[in-house]
Amino acid sequence: MTTVFVAGATGRLGRLVVDSLRRRDVEVRALVRPGNTEGRKAFAHDPAIKIVEGDIRDAGDRLTRELEGVDVLVSTVFGDAESVIDGQVNLVRAAEKAGVARWIPSDFSLAMDRLDYGENDLVDLRKKAGDLTRGSAVISTPILIGAFLDVLNMPWYGWIDWETGTFSYWGDGDQPVDFSTYADTAEWTAEAVLDPSSAGRTVRVVGEVLTLKELHQAMERGSGRRLEARQVGSVEDLGAEIERLKAVATDPMEYVLLQYTRAMVSGKGKLGPLDNHRYPGIKPTGVEEFFRQATRGHSAP
C-alpha cells in the first residue's frame, strides 16, 4: 500500500486531499498541530489515517522519524514565509533523511513559473521554497491549477457581490483564464501521487478555461441570477492601483489579491500546455455547474 504524508492536512484543501487519497486506498499520515483537537477528530474515524502531531518547522528528528516509510510527501500549507518557505524546506530536508522519493509542494496556483519575482508576494514565497529545494533527492511535482473558483466566489475577493448583483472585472474581459475547484484539485493531487511519471515535472490541470465575459455568462446560467458586469479599469489601471496600495499598505493582503487578478487578466498567469488528458478518470466541475451547486449550497444568496 502506498503511504503519503500530508502537511496542512486540516486545512480546506488538505482535508480534501486526504479524502481523495483514502478513496484510492492510500495510507495517510496527517500532520496535525499539537492541541488541534478538531483536526484530530476529523481523521479519528479512519484507522488508515495516522495522526501525526507536530509542526513543519520542527528542527529535531521527529519529522524524519514520522516520514520513514513514506512514499510521497504532499504539502498543502499556506501562510507566511515561516510556513511556506522555512516550513516546506524543513519538511524536504527531513524527507531526504527519511528516504522519501517524491513530494508535491503547496504551489496550487496559476502559472507561477512564468511570473517574475516581485509580481506577486505570495507566489514569491512558493518560488523561493522551490529554489531552495531544487536539486533535492526528493523529486518535486508542482501542481498548477489556475484560479480557485471557491475563492473567487468569496465576497472578500472583490469580483462577485451577490447582494448587489454585480460582477466587477479588470481588463477587457477577453483574456482566457484557468479556473478549478478545490475538490478537483484534491483529485488531481491524489492521481499525481499515484503517477510515477509525474516525478520531476510540473502538472498543469484546469477545470475550465473561460474569458471573464464567458465567466460572467456561466455564473448567471449556473446561479439563475442576473449579475451586472462592471469593468473597473484596464490592465494598466490595475497595475497602477497595485503600486498605489503597496505604497500605503500595512498588510500585503491589501494588494496581493489584485496581484493574482493582474496575472490572470494580463495572460501572464495562463497555464499551458495542459495535462488533463493524463488523468482521464477525473471529470472536473465546470464553472456553470460550480455556481449551480454553490447556489444550492447558499454560497450565492
Side-chain angles (χ1 to χ4, degrees), residues 6-8 11-14 16-17 20 72-79 84-85 88 92 102-134 136 138-152 157 175-195 197-211 215 256-257 259-280 282-287 290:
V6 180
R12 183 172 185 179
L13 178 58
L16 291 171
V17 168
S20 295
V72 182
L73 162 65
V74 175
S75 173
T76 62
V77 301
F78 291 89
V84 177
I85 300 177
Q88 288 198 113
V92 172
R102 296 193 289 132
W103 82 298
I104 295 175
S106 187
D107 289 349
F108 307 113
S109 187
L110 34 72
M112 49 178 278
D113 49 344
R114 295 181 58 196
L115 298 183
D116 299 318
Y117 273 105
E119 292 193 78
N120 184 299
D121 287 23
L122 295 188
V123 166
D124 285 354
L125 302 182
R126 301 172 189 174
K127 290 171 68 72
K128 185 66 173 179
D131 289 343
L132 291 173
T133 54
R134 189 168 290 110
S136 170
V138 186
I139 306 302
S140 173
T141 299
I143 299 177
L144 303 179
I145 54 80
F148 281 120
L149 283 169
D150 317 61
V151 172
L152 297 182
Y157 199 85
Q175 168 62 45
V177 178
D178 305 307
F179 300 103
S180 299
T181 66
Y182 275 112
D184 290 333
T185 299
E187 290 290 289
W188 283 314
T189 300
E191 287 294 303
V193 162
L194 297 174
D195 175 16
S197 72
S198 70
R201 64 179 179 83
T202 299
V203 174
R204 300 173 179 87
V205 282
V206 301
E208 190 168 8
V209 181
L210 297 175
T211 67
L215 171 68
V256 163
L257 299 182
Q259 289 181 325
Y260 279 107
T261 295
R262 179 174 58 185
M264 287 184 263
V265 301
S266 69
K268 194 166 184 181
K270 183 73 182 68
L271 295 172
L274 298 180
D275 295 304
N276 288 54
H277 64 282
R278 293 179 178 269
Y279 309 107
I282 299 177
K283 308 300 181 185
T285 303
V287 171
F290 171 83

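Because the structure is predicted, anything quoted here is derived from the model rather than measured. We count residues from 1, following the sequence as given.
In this structure, OH in Y157 is found 3.5 Å from OG1 in T261, a value given to the nearest 0.5 Å. To the nearest 0.5 angstrom, Q259 atom CD is 4.5 Å from D121 atom CG. From Y279, atom OH reaches atom CG of D195 across 4.0 Å, with rounding to the nearest 0.5 Å. Taken from CG in D275 to CZ in R204, the straight-line distance is 7.0 Å, to the nearest 0.5 Å. The OG atom of S20 lies 11.0 Å from the CG atom of L194; values are rounded to the nearest 0.5 Å. In this structure, S180 OG and E187 CD are separated by 12.5 Å, a value rounded to the nearest 0.5 Å.
For A111, the side chain to side chain contact (heavy atoms under 4.5 Å, CB included) criterion is met by D113, R114, L271, not counting sequence neighbours. For D124, there are no side-chain hydrogen bond (donor to acceptor under 3.5 Å, both in side chains) partners, not counting sequence neighbours. V123 meets the side chain to side chain contact (heavy atoms under 4.5 Å, CB included) test with S109, M112, L115, N120, K127, Y260; sequence neighbours excluded. Applying the salt bridge (charged side-chain N to carboxylate O under 4.0 Å, His left out) criterion to D131, with sequence neighbours excluded, gives R134. Every residue meeting the salt bridge (charged side-chain N to carboxylate O under 4.0 Å, His left out) condition with E191, not counting sequence neighbours, appears here in chain and number order: R24. Evaluation of the salt bridge (charged side-chain N to carboxylate O under 4.0 Å, His left out) rule for K268 yields D116, E119 as partners, not counting sequence neighbours. The ring pair (Phe, Tyr, Trp, His ring centres under 6.0 Å) check on Y117 picks up nothing, with sequence neighbours excluded. Every residue two or more places apart in sequence or in another chain that forms a side-chain hydrogen bond (donor to acceptor under 3.5 Å, both in side chains) with D178 is listed here: K270. Applying the side-chain hydrogen bond (donor to acceptor under 3.5 Å, both in side chains) test to T76 and every residue at least two apart in sequence or in another chain returns nothing. With sequence neighbours left out, the side-chain hydrogen bond (donor to acceptor under 3.5 Å, both in side chains) criterion links D107 to no other residue. Take S136 and apply the side chain to side chain contact (heavy atoms under 4.5 Å, CB included) test, not counting sequence neighbours, and it matches V92, R93, E96, V138.
The side-chain heavy atoms of R278 and W188, taken from C-beta on, include no pair separated by under 4.5 Å. With a 4.5 Å cut-off on side-chain heavy atoms, V74 and T189 count as touching.
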N/O donor to acceptor pairs below 3.5 angstrom from side-chain atoms of residues 139-151, sequence neighbours left out:
residue	atom	partner	partner atom	Å
T141	OG1	S198	O	2.8
D150	OD1	Y182	N	3.0

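Not one N or O on the side chain of Q88 forms a donor-acceptor pair closer than 3.5 Å with the backbone of P105. A distance-only check finds a donor-acceptor pair linking the side chain of R102 to the backbone of V193 [under 3.5 Å].
Minimum interatomic distance between I104 and A192 (heavy atoms only, all atoms of both residues): CD1-CB, 4.1 Å. Contact detail for F108 and S75: the closest heavy-atom pair is CE1-O, 3.4 Å. Pairing each heavy atom of S106 with each of V77, the nearest pair is OG-O, 2.6 Å. Residue I85 comes nearest to A129 through the heavy atom pair CA-CB, 4.2 Å, listed as atom of the first residue, atom of the second, then distance.
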